[in-house]
Amino acid sequence: MGHLWTLITHLHTVAGPVTMLLYPLYASIVAIESTSSLDDEQWLAYWILYSFLTLVEKLFQPILDWIPIWYDVKLIVVAWLVLPQFRGATFIYETYVREKIIKRFGESQQHYNSPDHGKAKKKSIHFMTPNKEEDEAY
């Protein structure tokens, strides 16, 4: 029983870095090389959310040290964000993050003037989209 418990402990220790970093790094490289934009959205959303989770974890580390199952909870949440069956990162980004950004900064006016308005989501947001008039002024 001792060897089995040691193996389970080592697998648990390795599961975090593999789930949180190695697989997402590999999948991000594959997404860059593919022609589909769905996987790009998934992995960009994942890295945004993972960075935010890491920042919150660093800020609240003294409190989280008192929660013995924190690492397990984080591993489950990150697995939900990462696994392609769930597409959790895309769901969180589209449901919560994107709406907050649009409310804060507004959508690009190009979105409302485009002929396909209402048919497809425009991924550009005004504060990220360069304006031609501004580019010519410089």
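Position 1 is the first residue of the sequence; numbering continues from there.
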Sorted by chain and number, sequence neighbours left out, side chain to side chain contact (heavy atoms under 4.5 Å, CB included) with Val97 holds for Leu49, Tyr93, Ile101
With sequence neighbours left out, the residues meeting side chain to side chain contact (heavy atoms under 4.5 Å, CB included) with Phe91 are Trp80, Thr95
Residues at least two apart in sequence or cross-chain that pass side chain to side chain donor-acceptor pair (under 3.5 Å) with Thr54, listed by chain then number, are none
Query - Exceeds 12 heavy-atom contacts within 6.0 angstrom, atom CG of Leu55 - result: yes
Margin query: Any non-hydrogen side-chain atom of Tyr46 less than 4.5 Å from a side-chain atom of Glu41?
Written below: no
Check: Does the Thr19 side chain pair with the main chain of Gly16, one donor and one acceptor, at a distance under 3.5 Å?
Finding: no
Using a 4.5 Å side-chain heavy-atom cut-off and chaining through intermediate ILVMFWY residues, the residues clustered with Val18 come out as Val14, Leu22
Any side-chain heavy-atom pair from Met20 and Val82 closer than 4.5 angstrom?
-> no
Ser28 meets the side chain to side chain donor-acceptor pair (under 3.5 Å) criterion, sequence neighbours left out, with Trp47
**Message:** I'd like to know if Tyr26 and Leu44 are part of one continuous hydrophobic network [Ile/Leu/Val/Met/Phe/Trp/Tyr, side-chain heavy atoms within less than 4.5 Å].
**Reply:** no
Nearest heavy-atom approach of Ala89 to Ala45 is O-CB, 3.5 Å
d(Arg87 CZ, Glu94 CD) to nearest 0.5 Å is 7.0 Å
Nearest heavy-atom contact between Thr13 and Pro17 is O-CD, 3.2 Å
Sorted by chain and residue number, the side chain to side chain donor-acceptor pair (under 3.5 Å) partners of Gln85 (sequence neighbours excluded) come out as none
> Same hydrophobic cluster for Ile29 and Leu81, using side-chain heavy-atom links shorter than 4.5 Å among ILVMFWY?
Replying inline: no
- Task: Could you state whether Val78 and Ile76 fall into the same hydrophobic cluster, counting links through intermediate Ile, Leu, Val, Met, Phe, Trp or Tyr residues with side-chain heavy atoms under 4.5 angstrom apart?
- Result: no
Tyr71 meets the ring pair (Phe, Tyr, Trp, His ring centres under 6.0 Å) criterion, sequence neighbours left out, with His12
By side chain to side chain contact (heavy atoms under 4.5 Å, CB included), Phe60 pairs with (sequence neighbours left out) Val56, Ile63, Leu64
inquiry  = For residues Leu21 and Ile32: do they belong to one hydrophobic cluster (side chain heavy atoms under 4.5 Å, members Ile, Leu, Val, Met, Phe, Trp, Tyr)?
reply    = no
Judged by modelled atom types alone, do Thr90 and Gln42 share a side-chain donor-acceptor pair under 3.5 Å? yes
Hits for side chain to side chain contact (heavy atoms under 4.5 Å, CB included) against Ala27, two or more places apart or cross-chain, chain-then-number order -> Tyr23, Trp43
Quick note, salt bridge (Lys or Arg N to Asp or Glu O under 4.0 Å) partners involving residues 69-79, not counting sequence neighbours, are Glu57-Lys74
In terms of hydrophobic clusters joined by side-chain contacts under 4.5 Å, are Leu25 and Leu75 together? yes
